[in-house]
Protein chains: 2
Amino acid sequence: MFTHSEENYLKTIYHLELDSKKGISTNAIAKSLATKASSVTDMVKKLSEKEVVVYKKYKGVTLTAFGKKTAANIVRKHRLWEVFLVEKLNFSWDEVHEVAEQLEHIKSPKLINQLDAFLSFPTHDPHGDPIPDKDGNLKTIEKSLLSTLQKNESGICVGVDDSSSEFLQFLDKKGIVLGKKIAVLEKEEFDDSLLIVIEDKKLSISNKIANNLYIKK
Amino acid sequence: MFTHSEENYLKTIYHLELDSKKGISTNAIAKSLATKASSVTDMVKKLSEKEVVVYKKYKGVTLTAFGKKTAANIVRKHRLWEVFLVEKLNFSWDEVHEVAEQLEHIKSPKLINQLDAFLSFPTHDPHGDPIPDKDGNLKTIEKSLLSTLQKNESGICVGVDDSSSEFLQFLDKKGIVLGKKIAVLEKEEFDDSLLIVIEDKKLSISNKIANNLYIKK
DNA sequence: TAAAATTTTTAGGTTAGTCTAAAAATTATT
DNA sequence: AATAATTTTTAGACTAACCTAAAAATTTTA
């Protein structure tokens, strides 16, 4: 069994490993968890004793297979709870993160399996992120940033890179919703802004926005 | 805000106060929480600084109005989650306690209000215990122990005094379910056992069982 | 490649929540 | 009411998870 805090470290390392492949530095972990590198060193030693990470002084950490599975299970719980909150309890997608952050630590295999079934085995959370299966595997669909689309190309909006409530509320305001088709009418050379059409409405969106929206071609 | 541990103390004192009315001794709290009296003394001092209990050395503790409301809210969460687990996730009534014990600490007013609505504002948990309202008030219906019924009297089964999974599984096995009518056909002088009829089935039950079942006349 | 800058670890300290053992207060017994 | 038994508190210690400041290792830069 893992403590609340150990689980948070595992989850963080898991996320950091997804886009780096190399050993994760204590500094990177500290930044993600808003803690100090010295605290990370302490915890990482403990995690390495528990065989969930491999740690060599000054060389960063990597998850073991066991660690990866454990971490994926926490992410699984987090994302299933997010689906529950949105689908069943009428939360909006910008409100679910903090609550799921707490719910992900509830320990009960039956609970999470029943929840999964109750939600009809969802594959993605409200932000379009994939939900790991019971074995910790996640099938990643190939998605692209909206900013990579060229003029007259289009795709289905399938996810966000930034899940901050500010960004999500901005998308709500603009009527940008997951599952909808987005077509690029114009691409401005000058600032890489896009003129898009979604649900028959034309919108001009900045490159910053387009860099945080995933579409499936 | 209260820590996990502080919440457990509050809940325990709340439950103990329900059937004692006097100040709750550190020993009684220690026994309930499976901890040591010295630990309780420490915690009780902290809780008294936070104004949720009144504590006089050697005199036990009592909850303040604020403490009572805080504790009732934890009990409210615990019982709503139990309803959720049974009604929505197909848990049986003997499996819910440990999970609810964790879920009751999740902090999100919106979550609990939405859950309440999602469950159609239940008034009782799966064991027949009343669910405190948002202000911490609970309306106690007058219920009696089955053991107090006389020959030829009857009532509706509305709750259990012992919520241990052993007892609950025993009731399942015997077909004793909340909401069903129980009639006393015979009362044995010798050992106070009862011959009852429930759902057209005759059952002989011991006084110990009858002392742990509540009925509404 | 040597000095400078940065990162990481170590050493030592803090707080929350627990414990044991001993001291103090209360309650029960004779 | 004095003594015995019990309960409660105090004192001192432990662990987990954090912190700061300094030392050590690594990486960058000139």
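Lettering of chains follows the sequences in order, A, B, ..., and the numbering in each one begins at 1.
- The NZ atom of B/K31 sits 12 Å away from the C1' atom of D/dT7 (whole-angstrom rounding).
- Protein atom CG of B/L33 is 12 Å distant from nucleotide atom C1' of C/dT18, rounded to whole Å.
- Here the P atom of nucleotide D/dC18 and the CD atom of A/E6 are 10 Å apart, to the nearest Å.
- Atom-to-atom, CE of B/M1 to P of C/dA16 comes out at 17 Å; the value is rounded to the nearest Å.
- No side-chain heavy atom of A/V158 sits under 4.5 Å from any side-chain heavy atom of A/L178.
- Applying the 4.0 Å criterion to OP1 and OP2 of C/dT9, one finds that A/Y55 has a side-chain N or O inside that range.
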Could you list the protein-to-nucleotides 19-21 of chain D atom pairs, N/O on both sides, closer than 3.5 Å?
| from | atom 1 | to | atom 2 | distance (Å) |
| --- | --- | --- | --- | --- |
| D/dC19 | OP2 | A/T35 | OG1 | 2.7 |
| D/dC19 | OP2 | A/K36 | N | 3.1 |
| D/dC19 | OP2 | A/S39 | OG | 2.6 |
| D/dT20 | OP2 | A/K36 | NZ | 3.3 |
| D/dT20 | O4 | A/S38 | OG | 3.0 |

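- No donor-acceptor pair closer than 3.5 Å links the side chain of B/Q114 to the backbone N or O of A/F91.
- Geometrically, A/K45 does not engage A/Y55 in a cation-pi contact defined by less than 6.0 Å to the ring centre and at most 45° from the axis.
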Please table the atom pairs, donor to acceptor, closer than 3.5 Å between any side-chain atom in residues 67-90 of chain B and protein atoms at least two apart or in another chain.
| from | atom 1 | to | atom 2 | distance (Å) |
| --- | --- | --- | --- | --- |
| B/T70 | OG1 | B/F66 | O | 2.8 |
| B/R76 | NH1 | B/P132 | O | 3.1 |
| B/R76 | NH2 | B/D116 | OD2 | 3.1 |
| B/K77 | NZ | B/E104 | O | 3.2 |
| B/K77 | NZ | B/I106 | O | 3.0 |
| B/H78 | ND1 | B/E104 | OE1 | 2.8 |
| B/H78 | NE2 | B/E82 | OE2 | 2.9 |
| B/H78 | NE2 | B/H97 | ND1 | 3.4 |
| B/R79 | NH1 | B/P130 | O | 2.7 |
| B/W81 | NE1 | B/L103 | O | 3.4 |
| B/E82 | OE1 | B/H127 | ND1 | 3.2 |

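- For the pair B/M43 CE and D/dT10 P, the interatomic distance rounds to 16 Å; values are reported in whole Å.
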Can I get a per-line list of side-chain donor-acceptor pairs under 3.5 Å for residues 167-174 of chain B, giving both atom names and the distance, sequence neighbours left out?
| from | atom 1 | to | atom 2 | distance (Å) |
| --- | --- | --- | --- | --- |
| B/Q169 | NE2 | B/D94 | OD2 | 2.6 |
| B/D172 | OD1 | B/W93 | NE1 | 3.1 |
| B/D172 | OD2 | B/W93 | NE1 | 3.3 |

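- No donor-acceptor distance shorter than 3.5 angstrom exists from the side chain of B/K217 to the backbone of B/E153, with no hydrogens or angles considered.
- Within the structure, every side-chain polar atom (N or O) of B/K45 is placed at least 4.0 Å from both OP1 and OP2 of D/dT9.
- Side-chain contact check for A/N27 and A/S25: no donor-acceptor pair (N or O, by modelled atom type) lies under 3.5 Å.
- Under a cut-off of 6.0 angstrom, the local environment of CD in A/E51 is sparse, with at most 12 non-hydrogen atoms contributed by other residues, nucleotides or ligands.
- A close approach under 4.0 Å does occur between a side-chain nitrogen or oxygen of A/S5 and OP1 or OP2 of D/dC18.
- Of the charged side-chain nitrogens involved, at least one lies within less than 4.0 Å of a carboxylate oxygen, so that B/K110 and A/E95 count as a salt-bridged pair.
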Which protein N or O atoms sit under 3.5 Å from an N or O of nucleotides 24-27 of chain C?
| from | atom 1 | to | atom 2 | distance (Å) |
| --- | --- | --- | --- | --- |
| C/dA25 | O4' | B/Y58 | OH | 3.3 |

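- Contacts between residues 20-30 of chain B and DNA chain D, defined by a heavy-atom separation under 4.0 Å, are made by B/S25, B/T26, B/N27.
- Residue pairs meeting the ring-ring contact (aromatic ring centres under 6.0 Å, His included) criterion with at least one member in residues 3-34 of chain B, sequence neighbours excluded, are B/H4-B/H105.
- The closest side-chain donor-acceptor pair between B/S147 and B/N211 falls under 3.5 angstrom.
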